[in-house]
Amino acid sequence: MKARWMLNVLAVLVVAVLAAGCGGESKEEASSGGEAPQGEIILGVPGAHSGDLASYGLPTVNAAELVVEKINAEGGVLGRTVRVVAQDDECKPEKATNAATKLLSEGVHVVLGHICSGATKAALPIYTETRIVCMSPSATNPPLTQSGDYPNFFRTIAADDAQARLGVDFAKQLGLKSIAVIHDKGDYGKGFATFARDFVEADPELSVALFEGVTPGAVDYSAVVQKIKNSGAEGVIFGGYHPEASKIVSQMRKKDLDIPFISDDGVKDDTFIKVAGEYAEGVYASGPRDFSSNPLYHVALEAHKAKFGTDPGAFYYEAYSAALALLNAIEKAGSTDYDAVVNALRTEDVDTPVGKIKFDAKGDAEGVGFSMYQVQDGQYVELK
Amino acid sequence: MGRPDWSQGAGGGPFPGIYFKRVGTMDYFLELFFGGLTRGSIYALIALGYTMVYGIIELINFAHGEIYMIGAFTGLIVAGVLGTLGFPMLGILFVALACAVIWSAAYGYTVEKIAYKPLRNAPRLSPLISAIGMSIFLQNYVLLAQTSDFLPFPKLTPDFAFMEPLRSFVSTSELFIIGSTLLVCVALTLFIKYTRLGKAMRATAQNRKMAMLVGVKVDKVISATFVIGSALAAVGGVLIASHIGQINFYFGFIAGVKAFTAAVLGGIGSVPGAMLGGLILGWTEAFATGYVSSDYEDVFAFALLVLILIFRPEGILGKDSTQKV
């Protein structure tokens, strides 16, 4: 009998050592036990915490813990303490539904996740059915918000088509009516251009003069430039990277085609200015909004450095902002009631590292994402 | 926010009514015609090197595109140095061309000695693989020795005032490319026809063993072919880089593939064939872009190649194995 008791002690010790040995997992083990005590608010954080894509998911867990730690130290939300419950989905849709179900059985109040678009899409119906607010820092697939199927879904990152939206809106603002949409036939460039074309077509005041792909690396683009010229386009929206953009812009300017050239993040690169030289002047390109001047950005950065000793990883600021937005909404709503929280998310501004945000009717954060930049005197300048 | 400077330029900017659809007009046709001519000349200039080497040793020298790229890099370095010293533009152009020609010729010579000569009597597939290996090696060598970034290439061709009214059709740098291609083509044809070395080349092309028996120094002739082919590639590299305005280590690859296509189209081994093949390819691409869609530019170009090869397997001007260079 005594030997058996010793064995049990040994087993417990081994488990404890193992758990301590692998920090990432111990967190989940430690936090995922039992029913939520009355009064606690549970913040579910599902995402890729192991596997190939763990580097996308773990920074979100860090962000959630830092925000919760800070808020609990300040007295919690509505006087209740907040607890983080992490669930691993490895970015796999089939595991994401499991993770969601587990979170529900833990009595989760709001969800910060998932990380990957595919996993998010798989898990969302579960949250929608049970009326749980779900906010992702990283799922950029446009239909997640735009389809309107998931009124409980929000995100603090811009959707994949946000750049195209910005480009088209900007072209309209410049007074352009007829637009040539050109791309480099690649996934990124063609994806951007296809969104841009659809937005232009959807707007009754705008029309697509031309929609064409060019071959990357071709020796010259004079034929396509002539075609743009003859299409009567008043502006060009280009989807692709800077090598093609600089060739096309140079040839346009050499052929006296002095119409606005609007492009994407692949062109918002200093190499573009270096290579295209004088021809780069006046070119517009969208790029991620610069929020490094925001004081909260530095608060989040310093908190991470102080606790983990490293610079934060992918989607950390988006996750930090999402956690703040969720907890702020509960505070403003005065309860964890679904309708009240959703209403607060849509109406109450909250200061976050990515700026002062609230959410539109579809669930996208207003004021995050991309800005338009223009080359002025050999530099990209953000246009406000 | 202010309007962009560009929209207020000579083109008229976004004011309605300035632009009108001219598809089907003569002007549009001519613009495409000259665009295709430039592109075709670029292909032809590179294709000459492929066709000469093939004519003489029946080897497709896949490293040719890389020699062209190395020529452009040499031109860039020389032009950069001379530019800071304040040389006049045409002076820079000629010095850069000369240096690029010498340097590329040295590369061509060395590549032949290292990668092809030891395989002279090997099965035909071996030097072909060796050529592909050389191509990959040179690309990565430049990638490591220089940079993976795109580098701006200075404009080396002055704008002639008399070209101004023709600007929307053909620019000075395009005129330089078209002119050089024509010049090189004529000079090469005369060289092969009337000089001793040219005669030796033709002899080697016809029958290497026989040429050797009558006293032609075949190895020297082959080296000379590589040197001339590489020099032409270097001329093309500098002029084209100056026209496009940017280069990187991958610059020679697509141009090389297209030029090779042009050489096959025109009849590989034939000098006028390379010129013709280049022009046909350039025009096909330009008109396909202009009248159909640039998405289908390559589809048309290669469909044409397939068609021509079905009806004339030796290419438009190719002759089966009797007279190749």
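The structure displayed is predicted, hence computed values, not measured ones.
Taking each heavy atom of A:V225 and A:M252 in turn, the nearest pair found is CG1-CA, 3.8 Å.
Proximity to chain A is limited to the backbone of B:V292, based on heavy atoms less than 4.5 angstrom apart. In this structure, the portion of A:Q251 lying under 4.5 Å from any heavy atom of chain B is its side chain and not its backbone. Of the two parts of B:F34, neither the backbone nor the side chain holds a non-hydrogen atom closer than 4.5 Å to a non-hydrogen atom of chain A. Proximity to chain B (any heavy atom under 4.5 Å) is shown, for A:K274, by both the backbone and the side chain. At a 4.5 Å heavy-atom cutoff, the contact between B:D298 and chain A is made by side-chain atoms alone. Contact annotation for A:F211: only backbone heavy atoms (N, CA, C, O) come within less than 4.5 Å of a heavy atom of chain B.
Contacts with chain A were tallied for B:I240, B:I42, B:I244; B:I244 has the most, counting heavy-atom pairs under 4.5 Å. Ranked by heavy-atom pairs under 4.5 Å with chain B, the first of A:A223, A:G213, A:S178 is A:G213. With chain B as the partner, the residue from A:P243, A:G217, A:S250 showing the most heavy-atom pairs under 4.5 Å is A:P243.
In this structure, A:K227 contributes its side chain and A:L210 its backbone to no donor-acceptor pair below 3.5 Å. The closest donor-acceptor contact from the side chain of A:K247 to the backbone of B:Q246 lies at 3.5 Å or more, if one exists at all. Judged purely by atom type and a 3.5 angstrom limit, B:T284 uses its side chain to pair as donor or acceptor with the backbone of B:I280.
The line from CD1 of B:I77 to CG of B:L82 is 12.0 Å long, rounded to the nearest 0.5 Å. For the atom pair CD (A:E382) and CE (A:M372), the distance works out to 11.0 Å, reported to the nearest 0.5 Å.
The number of heavy-atom neighbours closer than 6.0 Å to CZ of B:F300, taken from other residues, nucleotides and ligands shown, is 12 or below.
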